[in-house]
Amino acid sequence: MPNLTIRGVPADVVNRLKALARRHGCSMEQEVRDILADHTAERESILDRIEASWPKQARRPTAAEVDAWINAGRS
(Lines give C-alpha, C1' and ligand atoms only; values in the text may rest on other atoms or scores of the structure.)
Protein backbone atom coordinates (compact mmCIF):
# COMPACT_ATOMS: atom_id res chain seq x y z
CA MET A 1 0.00 0.00 0.00
CA PRO A 2 1.41 3.44 -0.88
CA ASN A 3 2.26 6.00 1.78
CA LEU A 4 1.21 9.63 1.86
CA THR A 5 3.11 12.29 3.77
CA ILE A 6 1.44 15.60 4.51
CA ARG A 7 3.68 18.35 5.85
CA GLY A 8 2.72 21.60 7.51
CA VAL A 9 -0.55 20.46 9.06
CA PRO A 10 -1.54 23.04 11.69
CA ALA A 11 -1.43 21.82 15.29
CA ASP A 12 -5.13 22.55 15.83
CA VAL A 13 -6.05 20.32 12.88
CA VAL A 14 -3.87 17.52 14.25
CA ASN A 15 -5.49 17.91 17.67
CA ARG A 16 -8.98 17.73 16.14
CA LEU A 17 -7.99 14.62 14.16
CA LYS A 18 -6.67 12.99 17.34
CA ALA A 19 -9.90 13.85 19.17
CA LEU A 20 -12.00 12.38 16.34
CA ALA A 21 -9.86 9.24 16.35
CA ARG A 22 -10.34 8.82 20.11
CA ARG A 23 -14.11 9.21 19.68
CA HIS A 24 -14.11 6.55 16.96
CA GLY A 25 -11.75 4.25 18.85
CA CYS A 26 -9.05 4.23 16.20
CA SER A 27 -5.64 5.68 15.46
CA MET A 28 -5.25 9.13 13.98
CA GLU A 29 -3.82 7.51 10.83
CA GLN A 30 -6.94 5.36 10.48
CA GLU A 31 -9.14 8.40 11.04
CA VAL A 32 -7.35 10.26 8.23
CA ARG A 33 -7.62 7.23 5.92
CA ASP A 34 -11.36 7.02 6.63
CA ILE A 35 -11.87 10.75 6.03
CA LEU A 36 -9.98 10.62 2.73
CA ALA A 37 -11.83 7.49 1.58
CA ASP A 38 -15.24 8.99 2.45
CA HIS A 39 -14.44 12.33 0.82
CA THR A 40 -13.13 10.86 -2.42
CA ALA A 41 -16.01 8.36 -2.68
CA GLU A 42 -18.53 11.17 -2.16
CA ARG A 43 -16.86 13.36 -4.79
CA GLU A 44 -16.70 10.49 -7.28
CA SER A 45 -20.40 9.74 -6.74
CA ILE A 46 -21.35 13.37 -7.30
CA LEU A 47 -19.21 13.59 -10.44
CA ASP A 48 -20.77 10.37 -11.76
CA ARG A 49 -24.26 11.83 -11.30
CA ILE A 50 -23.23 15.06 -13.01
CA GLU A 51 -21.72 13.20 -15.97
CA ALA A 52 -24.82 11.00 -16.27
CA SER A 53 -26.99 14.12 -16.56
CA TRP A 54 -24.89 15.75 -19.31
CA PRO A 55 -26.78 14.23 -22.26
CA LYS A 56 -29.99 15.77 -20.89
CA GLN A 57 -28.48 19.25 -20.68
CA ALA A 58 -28.29 21.83 -23.45
CA ARG A 59 -24.67 22.57 -22.55
CA ARG A 60 -21.93 21.17 -20.39
CA PRO A 61 -21.49 22.83 -16.99
CA THR A 62 -18.45 24.97 -16.34
CA ALA A 63 -15.84 23.92 -13.79
CA ALA A 64 -17.12 26.65 -11.47
CA GLU A 65 -20.66 25.27 -11.70
CA VAL A 66 -19.46 21.76 -10.92
CA ASP A 67 -17.51 23.02 -7.90
CA ALA A 68 -20.60 24.89 -6.69
CA TRP A 69 -22.73 21.73 -6.97
CA ILE A 70 -20.17 19.71 -5.04
CA ASN A 71 -19.95 22.35 -2.33
CA ALA A 72 -23.75 22.56 -2.13
CA GLY A 73 -23.86 18.81 -1.56
CA ARG A 74 -21.67 19.24 1.52
CA SER A 75 -23.92 21.78 3.24
Side-chain angles (χ1 to χ4, degrees):
M1 182 176 291
N3 290 314
L4 175 66
T5 302
I6 303 173
R7 293 178 179 83
V9 179
D12 63 321
V13 172
V14 172
N15 290 334
R16 288 194 305 264
L17 285 168
K18 286 179 180 180
L20 282 171
R22 277 192 302 273
R23 288 178 87 177
H24 295 138
C26 63
S27 69
M28 185 178 70
E29 284 188 15
Q30 184 60 51
E31 186 69 26
V32 171
R33 282 191 293 267
D34 291 346
I35 290 169
L36 290 171
D38 290 347
H39 177 78
T40 55
E42 174 191 357
R43 184 175 179 89
E44 185 174 19
S45 172
I46 292 168
L47 291 173
D48 287 345
R49 289 193 309 244
I50 291 168
E51 288 175 353
S53 73
W54 283 351
K56 301 172 197 163
Q57 297 180 19
R59 64 174 180 80
R60 293 227 171 160
T62 66
E65 289 171 322
V66 172
D67 286 339
W69 294 339
I70 290 171
N71 290 332
R74 291 187 183 140
S75 345

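Computed from heavy atoms alone, side chains included, the values below leave out hydrogens, waters and symmetry copies.
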query = Who are the side-chain hydrogen bond (donor to acceptor under 3.5 Å, both in side chains) partners of T40, not counting sequence neighbours?
reply = none

E51: side-chain hydrogen bond (donor to acceptor under 3.5 Å, both in side chains) partners, not counting sequence neighbours = none

message = For the backbone of L20 and the side chain of H24, can you confirm whether one donor and one acceptor N or O come within less than 3.5 Å of each other?
response = yes

key: Whether E65 side chain and T62 backbone form a donor-acceptor pair below 3.5 Å   = yes

task = Show the numbers, then the answer: is there a side-chain contact (heavy atoms from CB on, under 4.5 Å) between L4 and V32?
result = CA-CA 11 Å; L4 175 66; V32 171; over 6 Å; no

inquiry  = Under the side chain to side chain donor-acceptor pair (under 3.5 Å) test against S53, which residue among Q57, R49, K56 passes?
reply    = Q57

note = Residues E31 and L17: closest non-hydrogen pair is CG-O, 4.1 Å

Straight-line distance of R33 CZ to Q30 CD, nearest 0.5 Å = 4.5 Å

message = Side chains of L47 and I70, heavy atoms from C-beta outward: is any pair under 4.5 Å?
response = yes

inquiry  = Test: side-chain hydrogen bond (donor to acceptor under 3.5 Å, both in side chains). Region: residues 2-12. Which pairs qualify, not counting sequence neighbours?
reply    = D12-R16

